[in-house]
Amino acid sequence: MTESKEHKSALNVMAGIEQPSQINEEAIRKLRSGKRKPLSVADFVKGIREGNRTVLSKAITLVESSLKSHQEKAQEIIAECLKSEIKLENLKSRIEDRGSRIENQESILHPPSSILHPPSSIRIGITGVPGVGKSTFIEALGKHLTANGHKLAVLAIDPSSSRSKGSILGDKTRMEELATDPDAFIRPSPSAGSLGGVARKTRETIILCEAAGFDVILVETVGVGQSETAVHSMVDFFLLLMLAGAGDELQGIKRGIIEMADAIFINKADGDNIAKANLAKAEYSNALHLFPPPESGWIPVVETCSAQTREGITNVWETISDFCTFTSAKGFFTRRRMEQARQMLFDAIDESLKTSFYSCRDITHKLKKMETDVIAGKISPYSAAKELLEKYYSG
Ligand code: GDP
């Protein structure tokens, strides 16, 4: 076939429009030029202070990491963030809230210590058995708060998550509305480690979130065991969610947890359940009178609410605000935080001693043998412990 015939053929395919390349050359260039530069401590602190969520999430990942280098970097970031705890904006609005005039800029930058209290955030612990409605409740309360200008961080302590990968508290889809709210930040429970380790990580995460401008921190846990005590030791206000018509035993709530509560809300007070909820409210109010009065002098509130219809949710926030006013006036709010800081010091020492001991190579070898000997009755547990510790200190 000659060239001219070829051009006239109906089967000939026209050249068409040239398509742009499907490959992002810039991305390829970045990939080829090696990994992205890791963020420095200063980058992290700047990003967090600016409220950059990606940077905040990365910093929390460092806090949760067990790598020594990550831990060291996390500690530096936290130390810097603690310096920025009192943010200028928060301070300004607090001063204005109190009706005082801002005399000059200098007094804002160097505030007298009296106006540093109460601190610029409120830390709230929420507990209750699975199914009581915690996530529905947090979503309802959270939406109420963000609608009223608050910035909310939701953290969790879920001691079961290291075993059952599908963490009950880690599932973001539980709080669909909040998860897409620009003023809310949800972080699932750190999954690895002992309760002490998880608690430390959560405490450090609270500091990072506060530095990022979140003024309400909710720490959620399941009301079935020790994690409540850990949460209680890191929050200002402890809220217990209960159901009507199920005895304490059924709800798996220990007496100690009820004693820790600053408020008990009977959830699911809607539809046919309202009468039962009111009855439960009366019962719990009576039962609480039998407990010794709490150190704060605050009488725990017992109320009903419905996370589903959102009835009574405004009352939850009013109760928390009343608590803050009451305990701040008496200095208890600050005293509790100081006591918590002291406790953190001792917890940090305990944890780092343990980690150092159990990760010592000489010890891990000897410990295995000692364990077998102790079980076989060849050596007493105390002598074995003494020998191991002596080895550790001499090493
Ligand atoms: P969690 O396991 O404690 O986080 O509980 P969820 O928030 O997942 O709620 C468990 C179930 O109770 C879900 O089916 C919710 O829709 C339902 N629920 C939560 N709050 C209420 C409420 O106030 N009233 C009613 N009727 N149901 C609710």
Side-chain angles (χ1 to χ4, degrees), residues 124-146 152-161 163-181 184-189 191 198 202 216-228 230-232 235 237-254 257-258 260-261 263-281 284 301-320:
I124 304 162
I126 295 191
T127 194
V129 290
V132 71
K134 287 182 299 301
S135 35
T136 317
F137 179 89
I138 292 174
E139 173 125 304
L141 179 62
K143 288 306 288 180
H144 173 71
L145 291 176
T146 57
L152 167 80
V154 181
L155 314 176
I157 288 195
D158 175 8
S160 62
S161 61
R163 262 168 285 142
S164 62
K165 281 266 166 69
S167 160
I168 21 174
L169 301 178
D171 185 358
K172 274 196 181 180
T173 57
R174 288 163 73 241
M175 300 168 209
E176 274 169 3
E177 274 187 66
L178 266 191
T180 53
D181 188 326
F185 176 79
I186 303 177
R187 181 80 182 189
S189 174
S191 57
V198 170
T202 309
V216 182
I217 315 284
L218 287 184
V219 187
E220 180 191 9
T221 186
V222 189
V224 285
Q226 277 200 315
S227 53
E228 281 65 40
V231 170
H232 184 248
V235 296
F237 186 89
F238 194 67
L239 176 74
L240 174 60
L241 283 186
M242 298 284 260
L243 290 175
D248 296 355
E249 303 307 322
L250 250 180
Q251 297 192 42
I253 297 286
K254 305 226 164 53
I257 296 177
I258 297 182
M260 285 192 290
I264 297 178
F265 272 80
I266 322 276
N267 191 32
K268 306 199 185 180
D270 44 49
D272 296 344
N273 218 14
I274 295 181
K276 266 200 279 177
N278 282 326
L279 196 66
K281 173 182 158 178
Y284 280 113
V301 166
V302 184
E303 274 300 341
T304 60
C305 69
S306 167
Q308 202 170 62
T309 65
R310 307 203 168 172
E311 185 79 35
I313 294 298
T314 317
N315 189 25
V316 175
W317 183 242
E318 280 165 9
T319 303
I320 296 170

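First listed ligand is number 1; within each ligand, the first listed atom is number 1. Quick note: residue numbers are just sequence positions, from 1.
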*In Å, rounded to the nearest 0.5 Å, how long is the span from CG of L178 to CG of L145?*
9.0 Å
*Got an N/O contact under 3.5 Å between G133 and ligand 1?*
yes
*Could you walk me through whether E311 and S306 pass side chain to side chain donor-acceptor pair (under 3.5 Å), step by step?*
CA-CA 5 Å; E311 185 79 35; S306 167; over 6 Å; no
*Is R310 salt-bridged to E177, cutoff N-O under 4.0 Å?*
yes
*asked:* Under a 4.0 angstrom heavy-atom cut-off, which atoms of ligand 1 come close to N267?
replied: 20 (N), 21 (C), 23 (O)
*In terms of atom number and element, which parts of ligand 1 are under 4.0 angstrom from non-hydrogen atoms of V129?*
3 (O)
*Using a strict cut-off of 4.0 Å, indicate which atoms of ligand 1 neighbour a heavy atom of P130.*
2 (O)
*Between H232 and F238, what is the ring plane arrangement, given parallel below 30°, perpendicular above 60°, and tilted in between?*
perpendicular
*Once you round to the nearest 0.5 Å, how far does CZ of F265 lie from CG of N315?*
4.5 Å
*Whether N267 side chain and L241 backbone form a donor-acceptor pair below 3.5 Å*: no
*Which option, L243, D272, D270, owns the non-hydrogen atom nearest atom 26 (N) of ligand 1?*
D270
*Within the structure, does G131 bring an N/O atom to less than 3.5 angstrom of an N/O atom in ligand 1?*
yes
*asked:* I'd like to check whether A269 has a polar contact with ligand 1, where a contact means an N/O of the residue lying under 3.5 Å from an N/O of the ligand.
replied: no
*Which of the atoms of ligand 1 are close to V132, meaning less than 4.0 Å from one of its heavy atoms?*
3 (O)
*asked:* Under 4.0 Å, counting heavy atoms only: does G128 come that close to any atom of ligand 1?
replied: no
*Atoms of ligand 1 less than 4.0 Å from K134 heavy atoms?*
1 (P), 3 (O), 4 (O), 5 (O), 7 (O)
_I'd like to know if the side chain of K134 and the backbone of T221 have a donor-acceptor N/O pair within less than 3.5 Å._
no
*List every atom of ligand 1 that sits less than 4.0 Å from any heavy atom of S135, numbering the atoms from 1 in the order shown and giving each element.*
4 (O), 6 (P), 7 (O), 8 (O)
*Are any of the side-chain heavy atoms of I266 and L243 separated by less than 4.5 Å?*
no
_If you measure every N or O of E220 against every N or O of ligand 1, does any of those distances drop under 3.5 Å?_
no
